[in-house]
There are 2 protein chains.
Amino acid sequence: MNQPCPQHAHPRRLVQQPLSDLTARLRAQSRKITGPRQAILDVLRSHAIPLTNRQIHHALGKSDCDLATIYRTMHTLLEMGLVRRCDFGDGTARFELSDADDPRHHHHLVCRVCNIVVEIDACLPPQLEADLALRHGFSQIAHHLQFFGVCPRCKEHPDAADPAGLPGRPGPRREP
Amino acid sequence: MNQPCPQHAHPRRLVQQPLSDLTARLRAQSRKITGPRQAILDVLRSHAIPLTNRQIHHALGKSDCDLATIYRTMHTLLEMGLVRRCDFGDGTARFELSDADDPRHHHHLVCRVCNIVVEIDACLPPQLEADLALRHGFSQIAHHLQFFGVCPRCKEHPDAADPAGLPGRPGPRREP
DNA sequence: TTTAGTGCAAAACCTTTGCACCCAG
DNA sequence: CTGGGTGCAAAGGTTTTGCACTAAA
């Protein structure tokens with residue numbers, strides 16, 4: 001189960017953290033290494049793009065771990081800094097592994113048609129947040145940034161949406 | 001779209017569009033000008049920050065318009081380009097008026113403690129999206145960007161959260 | 001008259017939570 | 001053994017939808 005997803009693999013994330021590193025970080029904060037947690041981390045390790053809790057649940061085979069456990073685990077991992085949360089504007093949270101020592105800050109470019117996700121390293125000019133802090137008196141400023149567009153394939157074939165079982169956004173709630 | 005971000009000097013949206021302009025835009029696309037719609041547009045006009053559908057509903061007095069109607073209306077207005085959607089990362093959509101002829105592109109700085117919202121004009125370097133398009137072959141690129149931080153007042157008084165009746169985020173589901 | 005828009009109620013979906021049980025440490 | 005973690009079920013909040021009815025054009 002939970003094979004890597006070649007279509008979404010990106011050079012940037014090919015270097016994955018070994019599972020042992022992740023569990024070590026759990027242990028370091030005296031959290032337990034359980035079956036569900038290892039399985040969840042393994043799913044995240046084998047996918048190059050942020051996943052929803054439901055997608056993780058599905059990748060696990062549904063019987064391996066309760067959905068509520070996934071929600072609780074993601075909270076824990078988020079608090080511990082092992083995962084990052086992304087919002088693609090559809091009201092569903094997505095999570096991806098966050099590197100330990102090198103928290104590689106990056107953003108995502110999402111195709112509005114087929115939901116393919118590309119990891120990019122474009123970012124804000126570094127002094128921009130400092131300027132904001134100065135001008136508005138805010139401290140501890142961080143930002144959320146994501147890009148949306150139409151990918152080359154969808155531009156060419158405007159019909160084919162969400163091909164194969166690619167883990168993109170969950171489809172519309174109902175098909176007419 | 002994806003024009004270079006016009007550096008609008010207006011620090012806040014003090015200059016409001018007259019209601020007649022908004023209804024004219026509705027009429028122009030042969031949509032009906034109804035009581036609820038005028039009331040909703042009026043609420044948006046009188047608030048300088050993005051509102052959730054629930055906040056709009058509450059501002060209307062609950063009896064003036066059904067919540068479902070607000071959801072449907074926001075969809076319509078979004079499609080027509082009369083409003084913009086903002087996501088502050090709490091899983092609830094927010095909407096603000098979008099200027100007709102001058103779609104003043106801007107972003108928001110949200111206080112993590114009291115949820116106060118400041119409209120800012122800081123934005124990405126204009127050529128950044130063009131570079132992305134070139135490098136990844138995407139077209140029609142747009143971005144969502146929002147900043148989070150701690151406002152001066154909350155930095156000073158770490159206790160008082162969500163003062164006055166400021167329409168900020170609905171209370172968080174859980175405490176961080 | 002025509003048809004978009006509305007109110008109401010119900011449902012779908014995401015997320016959280018209470019509780020009893022289980023298992024990693 | 002002990003407390004954190006889990007499964008299950010139920011609930012809470014947001015958003016959508018079906019249907020009959022209203023009202024704008």
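Naming: A, B, ... by sequence-line order, numbering from 1 per chain. Computation of the quantities below employed the complete heavy-atom set of this structure, encompassing side-chain atoms and omitting hydrogens, waters and symmetry-equivalent molecules.
Straight-line distance from the CG atom of A:D66 to the P atom of D:dG4: 20 Å, rounded to whole Å. Rounded to whole Å, the distance from CD1 on A:I70 to P on D:dG5 is 16 Å. As rounded to whole Å, 12 Å separates atom P of D:dT15 from atom CG of B:L78. B:M74 places its CE atom 12 Å from the P atom of D:dT16, with the value rounded to the nearest Å. With rounding to whole Å, A:D90 atom CG is found 15 Å from D:dT16 atom C1'. To the nearest angstrom, C1' of D:dT14 lies 13 Å from CD of B:Q55. Rounded to an integer number of Å, the gap from CG of A:L26 to C1' of C:dG25 is 14 Å. Rounded to whole Å, the distance from CD on A:E79 to P on D:dG5 is 11 Å.
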ring-ring contact (aromatic ring centres under 6.0 Å, His included) for A:H143 and B:H144? Distances and angles first, verdict last.
CA-CA 10 Å; A:H143 65 270; B:H144 286 189; over 10 Å; no
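As judged by a 4.0 angstrom heavy-atom cut-off over every strand, B:A68 is placed among the base-contacting residues. Residue B:T73 is in sugar-phosphate contact alone, with no base atom involved, counting any heavy-atom pair closer than 4.0 Å across all strands shown.
Within 6.0 Å of CD in A:Q38 there are more than 12 heavy atoms belonging to other residues, nucleotides or ligands.
Shown here are the salt bridge (Lys or Arg N to Asp or Glu O under 4.0 Å) partners of B:D42, two or more places apart in sequence or in another chain: B:R45.
Proximity of A:E96 to A:C86: side-chain heavy atoms (C-beta onward) are separated by under 4.5 Å at one or more points. Annotation: side chain of A:F138 is in contact with side chain of B:L109 (closest heavy-atom distance under 4.5 Å).
Side-chain proximity of A:R54 to the nucleotides D:dG7, C:dG7, C:dC14 is greatest for C:dC14. Comparing C:dT6, D:dG5, C:dT16 by their closest approach to the side chain of A:H75 singles out C:dT16.
Separation of the B:H108 and B:F88 ring centroids falls under the 6.0 Å cut-off.
Between C:dT16 and A:Y71, no contact under 4.0 Å exists linking OP1 or OP2 to a side-chain N or O.
Listed for the B:H136 side chain is no donor-acceptor partner under 3.5 Å among the backbone atoms of A:C151.
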Under 4.0 Å protein heavy-atom contact, by nucleotide of nucleotides 19-25 of chain D - B base, S sugar-phosphate only
-----BS
